[in-house]
Amino acid sequence: MKVHNFHKVDHYLAQVLLHIGIGILIYLFEPLSNLYFLVLMVYFLWQILMVPKSKKTEAVLLGCAYFVGAEVFFRMTKGGLAYEASKYLVILFMLMGMFFKGLSGKGYPYFFYLIALVPSVLVASMTLSFGANFRTNIAFVLSGPVALGIAALFCYDRKVSYQLILRVINYFALPTITTTTYLFLYNPSIKDTLSGTASNVATSGGFGPNQVATILGLGMFALVVRIFLKSPSLGLKLFNLALLGAVTFRAIVTFSRGGIVAAIIVVIAFLWVLFFKSSPKQKNQIITSFLLFVMVISVTWVVSSNQTMGLIDKRYANENAQGAEKNDITTGRWELFMEEMNGFLNHPFLGEGASRTKDIRVVEDGNELPSHNEIGRLLSEHGIFGILALLILIIKPLSYYAGNKRNLFFYAFYCFWFATINHSGMRIAAPSFLYALALLNISYETTPLHRKLLKKQAH
């Protein structure tokens, strides 16, 4: 495919330049972030309402993907109607999709999953401390799980094209390019803001490094997909590799490891499946792209090490600024997880109630740390219903994939969900939505790679 034909198809370069421009404008005048959010919301709502019925699924998935990719940017720049606005929009878009397109009855376990979340709300109404805001606390911990359940119901066994999935993944990448642009402007000199080997708010746009690294990790994955599947010329491949280097650099210098480790796992899962489902000729192309990819990542790490004066190397070696090894590689997450396990053991049937884990920390020692591990939170706050919910979440996608292995991105989506909920909980919408994407039934009408794959499965 020639480059000019490629541009004609999806205007990719224009999209990238537009999103770099948006990052610059919002840095110069931050209130534009609210306008950006409102324009996007109206645009995608209009799309979902007005496109023909055959295009409704596409409009829903693209709208959700964009807000998932932009969520942390809106939080960072104080845009959006509410802190959890992107999660609410994912729920709204999915419900609209169900209204117009229905849903598969085979996804019924996710009804049970959603029902399993309800008892914790009732328990919380009796256990949350007097000073806790019931509505905001419940919304904070349950908006993510509810978004996952609603999205899973909509996506389960829904037929979509391979080209649509590539567009969805591109809609992750574009807002992360805006975020990266903003971060370079907000914090142009890394060396001036170094403060040891802990997660760095200054290099993260003044926002939570964990969330920033997680969403940039998603952008890294999206750009890797673009490099390997939608960069038909060397020039475009190099352009996307440069973007990947920029996004990876900003992710690394947040000093938050979780998002980077999750991105590595997801990229490996994607490339592993892609390589072994390709023809010998395509394998050679993948190897060439992989060598370029490794070179760019290596250079990015060297630059990151230089810009942080070696502190990032110590961070990943679990050392402090003086080079002494830290006692806890999880930076306190294991202690939080063990507190949650104690909560489960003390309240094994109905759990402590939604948001009670954080509430206990606030009451006992003034520590407002939320849960970083969704598995621990589900068990401690939901008890036996949390176990049921967790079993559904883990087993159902695997059983679906066992009978329908056409989703090239299944393990990437599934691994992103699992890796993210274990270091960042469900504070952003990304793990909920990517989990749901793993349940899609993808068709490959025009791609030789996947025609070959389907023939393999038929034998």
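In what follows, residues are counted from 1 in the order of the sequence shown. Scope of the values below: all heavy atoms of this structure, side chains included, with no hydrogens, waters or symmetry mates.
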J.: Within the structure provided, determine whether Ile421 and Asn373 are in side-chain contact (heavy-atom separation under 4.5 Å).
T.: no
J.: So do Phe410 and Pro397 actually touch side chain to side chain, heavy atoms under 4.5 Å?
T.: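 Pro397 reaches Phe410 side chain to side chain.
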J.: Quick one: does any side-chain atom of Thr181 pair with a main-chain N or O of Ile24 as donor and acceptor, under 3.5 Å?
T.: no
J.: Decide ring-ring contact (aromatic ring centres under 6.0 Å, His included) for Trp46 and Tyr43; before the verdict, give the C-alpha distance in whole Å, the side-chain angles of both, and the deciding distance to 0.1 Å.
T.: CA-CA 5 Å; Trp46 179 259; Tyr43 170 77; 9.9 Å; no
J.: How many angstroms lie between CZ in Arg406 and CG in Leu440, if you round to the nearest 0.5 Å?
T.: 12.0 Å
J.: Of the options Glu352, His382, Glu340, which is the one that meets Arg377 in a side chain to side chain donor-acceptor pair (under 3.5 Å)?
T.: His382
J.: Determine yes or no for a side-chain-to-main-chain donor-acceptor pair under 3.5 angstrom, with Asn407 supplying the side chain and Leu437 the backbone.
T.: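 Checking the backbone N and O of Leu437 against the side chain of Asn407, a donor-acceptor pair under 3.5 Å is found.
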J.: Output the distance between atom CG (Leu244) and atom CG (Leu241), rounded to the nearest 0.5 Å.
T.: 6.5 Å
J.: Mark yes or no for whether Thr300, through its side chain, and Phe249, through its backbone, hold a donor-acceptor pair below 3.5 Å.
T.: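 Such a contact is absent between Thr300 side chain and Phe249 backbone.
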J.: Any donor-acceptor pair under 3.5 Å linking the side chain of Asn187 with the backbone of Leu183?
T.: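 Here the side-chain-to-backbone pair does not exist.
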J.: Please check if the side chain of Thr203 supplies one atom and the backbone of Val253 the other of a donor-acceptor pair under 3.5 Å.
T.: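 Yes; at least one donor-acceptor contact below 3.5 Å.
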J.: For the pair Tyr182 and Tyr27, name the ring-plane relationship: parallel under 30°, tilted 30 to 60°, perpendicular over 60°.
T.: perpendicular
J.: To the nearest 0.5 Å, what is the distance between CG (Leu166) and CZ (Arg226)?
T.: 8.0 Å
J.: Could you tell me the separation between the OG1 atom of Thr248 and the CZ atom of Phe293, rounded to the nearest 0.5 Å?
T.: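 Atom-to-atom, Thr248:OG1 and Phe293:CZ are 7.5 Å apart.
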J.: Is Tyr66 reaching over with its side chain to a backbone N or O of Leu174, donor-acceptor style, under 3.5 angstrom?
T.: no
J.: Counting only N and O atoms by type, is there a donor-acceptor contact under 3.5 Å from the side chain of Ser120 to the main-chain atoms of Leu117?
T.: yes
J.: In sequence, state the C-alpha distance, the side-chain angles, and the governing distance for Ser443 and Lys159, and then conclude on side chain to side chain donor-acceptor pair (under 3.5 Å).
T.: CA-CA 7 Å; Ser443 59; Lys159 290 183 173 62; over 6 Å; no
J.: For atom CZ of Phe385, decide whether the heavy atoms of other residues, nucleotides or ligands shown that lie under 6.0 angstrom number more than 12.
T.: no
J.: Is Lys101 atom NZ crowded by more than 12 heavy atoms from other residues, nucleotides or ligands, each under 6.0 Å away?
T.: yes
J.: Taking the six-membered ring for Trp, are Tyr110 and Tyr156 parallel (under 30°), tilted (30 to 60°) or perpendicular (over 60°)?
T.: tilted
J.: Between Ser86 and Phe67, what is the shortest heavy-atom contact and its length?
T.: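 Minimum heavy-atom separation between Ser86 and Phe67: OG-O, 3.4 Å.
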J.: Can you confirm whether more than 12 heavy atoms, excluding those of Leu32, are under 6.0 Å from its CG atom?
T.: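 Result for CG/Leu32: enclosed.
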J.: Distance check, rounded to the nearest 0.5 Å: Met220 atom CE versus Arg250 atom CZ?
T.: 14.0 Å
J.: Rounded to the nearest 0.5 Å, how far does CD1 of Ile375 lie from CE of Met341?
T.: 8.5 Å
J.: Any side-chain heavy-atom pair from His423 and Thr214 closer than 4.5 angstrom?
T.: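 With C-beta onward as the side chain, the pair touches.
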J.: Using a 4.5 Å cut-off on heavy atoms from C-beta on, say whether the side chain of Ile215 contacts that of Glu71.
T.: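 Sidechains of Ile215 and Glu71: no contact.
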J.: Near Tyr88 OH, under 6.0 Å, is it more than 12 heavy atoms from other residues, nucleotides or ligands?
T.: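 More than 12 within 6.0 Å, yes.
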J.: So, Thr77 side chain and Phe73 main chain: donor-acceptor pair closer than 3.5 Å or not?
T.: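 Yes; at least one donor-acceptor contact below 3.5 Å.
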J.: With distance as the sole test, does Tyr411 use its side chain to make a donor-acceptor pair with the main-chain N or O of Trp272 at under 3.5 Å?
T.: no
J.: Relative to each other, are the rings of Phe270 and Phe221 parallel, tilted or perpendicular (30° and 60° limits)?
T.: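 Ring orientation, 0 to 90° scale: perpendicular.
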J.: Determine yes or no for a side-chain-to-main-chain donor-acceptor pair under 3.5 angstrom, with Ser33 supplying the side chain and Phe74 the backbone.
T.: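 Checked: no pair found.
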